[in-house]
K.L.:
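I'd like to ask you about the structure that follows.
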Amino acid sequence: DAGVIQSPRHEVTEMGQEVTLRCKPISGHDYLFWYRQTMMRGLELLIYFNNNVPIDDSGMPEDRFSAKMPNASFSTLKIQPSEPRDSAVYFCASSRQDRGSYEQYFGPGTRLTVT
Amino acid sequence: AQKVTQAQTEISVVEKEDVTLDCVYETRDTTYYLFWYKQPPSGELVFLIRRNSFDEQNEISGRYSWNFQKSTSSFNFTITASQVVDSAVYFCALSRFLDSGGGADGLTFGKGTHLIIQP
């Protein structure tokens with residue numbers, strides 16, 4: 001089975017530009033999570049969805065960040081406008097939380113550089 | 001609030017030595033889940049193990065073993081006879097149990113321990 005797919009793998013953009021990160025979860029998984037990894041803050045949860053509905057977005061840094069999940073197989077994380085401090089690796093993860101299986105499987109990440 | 005502490009920032013050992021990575025957590029929840037993930041130099045996050053708070057049995061998987069002690073809020077990870085391929089950053093993580101419908105919340109990660117296995 002295919003794992004979590006993220007695109008693009010690398011993104012370099014200039015400050016002020018809009019950035020859209022994409023994620024395709026593992027088929028059949030009902031939870032989807034977005035995380036960010038930086039040297040200073042480590043790995044932190046941004047937002048997660050259950051059955052396409054946002055459940056907890058308390059980790060989203062500010063209004064410049066937004067996330068959507070229009071269907072069970074696709075989610076986006078958008079930053080508008082982007083700033084240099086948004087430079088990080090953004091991970092998407094999914095899990096299937098029935099039958100006591102709560103582990104999250106991560107995508108390869110998108111390395112974002114904002115200049 | 002939940003918190004995970006991995007006090008060892010970096011550990012360096014020679015191949016074939018045993019090594020233990022420490023993890024201490026804080027939570028007010030009575031039901032929760034603990035995880036270990038591996039991040040090799042290539043950058044992906046690889047799931048290693050999940051433990052439920054109500055199951056304190058230790059677990060062994062090949063050269064890997066985990067010691068969960070609720071009394072000390074610790075979930076330590078031991079690699080026996082380490083190999084160069086074990087070199088990676090290892091993260092301990094914690095999530096809450098969701099009362100509504102069950103399931104686990106998002107992960108709270110520790111800062112990670114960078115394990116270096118020298119040949």
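Convention: sequence-line order gives letters A, B, ...; per-chain numbering from 1. Please read these numbers as outputs of a predicted model, since none were measured by experiment.
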K.L.:
Does one hydrophobic cluster hold both B:Val4 and B:Ile49, with members joined at side-chain heavy-atom distances below 4.5 Å?
P.N.:
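Cluster IDs for B:Val4 and B:Ile49 match.
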K.L.:
Is there side-chain contact between B:Gln39 and A:Phe106, with heavy atoms separated by less than 4.5 Å?
P.N.:
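The answer is no, as the side chains (C-beta and beyond) never meet within the 4.5 Å cut-off.
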K.L.:
Is the shortest side-chain heavy-atom distance between A:Leu43 and B:Leu45 below 4.5 Å?
P.N.:
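Yes, at least one pair of side-chain atoms sits under 4.5 Å.
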K.L.:
Does atom NZ of B:Lys3 have more than 12 heavy-atom neighbours from other groups under 6.0 Å away?
P.N.:
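No - once you tally the heavy atoms of other residues, nucleotides and ligands closer than 6.0 Å, there are 12 at most.
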K.L.:
Under 4.5 Å between side-chain heavy atoms, counting indirect links through other Ile/Leu/Val/Met/Phe/Trp/Tyr residues: same cluster for B:Val89 and B:Leu34 or not?
P.N.:
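No; B:Leu34 is not reachable from B:Val89 via cluster members.
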K.L.:
State, with a plain yes or no, whether a side-chain heavy atom of A:Tyr48 is found less than 4.5 Å away from one of B:Asp105.
P.N.:
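SC-SC contact between A:Tyr48 and B:Asp105 confirmed.
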K.L.:
Please collect all ring-ring contact (aromatic ring centres under 6.0 Å, His included) contacts where either partner lies in residues 7-28 of chain A, sequence neighbours excluded, each pair once.
P.N.:
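Checked against ring-ring contact (aromatic ring centres under 6.0 Å, His included) - neighbours excluded - no pair reaches residues 7-28 of chain A.
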K.L.:
If you measure from NZ on B:Lys111 to CZ on A:Arg41, what distance do you get to the nearest 0.5 Å?
P.N.:
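Those atoms lie 7.5 Å apart.
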K.L.:
Quick one: does B:Tyr37's side chain have a donor or acceptor within less than 3.5 Å of a partner on A:Gln104's backbone?
P.N.:
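Yes; judged by distance alone, with no hydrogens or angles, the pair exists.
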K.L.:
If you count heavy atoms of other groups shown closer than 6.0 angstrom to CD of B:Glu10, is the number above 12?
P.N.:
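For B:Glu10, atom CD is crowded (more than 12 foreign heavy atoms under 6.0 Å).
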K.L.:
Could you report the tightest heavy-atom contact between A:Gln37 and B:Phe91, atom names first, then the distance?
P.N.:
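For A:Gln37 and B:Phe91, the tightest heavy-atom pair comes out as NE2-CZ, 3.6 Å.
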K.L.:
Kindly list each side-chain donor-acceptor pair under 3.5 angstrom involving residues 68-76 of chain A, sequence neighbours excluded, with atom names and distances?
P.N.:
{"from": "A:Asn71", "atom 1": "OD1", "to": "A:Ser73", "atom 2": "N", "distance (Å)": "2.9"}
{"from": "A:Asn71", "atom 1": "OD1", "to": "A:Ser73", "atom 2": "OG", "distance (Å)": "2.9"}
{"from": "A:Asn71", "atom 1": "OD1", "to": "A:Phe74", "atom 2": "N", "distance (Å)": "3.2"}
{"from": "A:Ser75", "atom 1": "OG", "to": "A:Trp34", "atom 2": "NE1", "distance (Å)": "3.0"}
{"from": "A:Ser75", "atom 1": "OG", "to": "A:Lys68", "atom 2": "O", "distance (Å)": "2.8"}

K.L.:
Contact part of A:Met40 toward chain B, heavy-atom cut-off under 4.5 Å: side chain, backbone, both or neither?
P.N.:
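When you check distances to chain B, only backbone atoms of A:Met40 fall under 4.5 Å.
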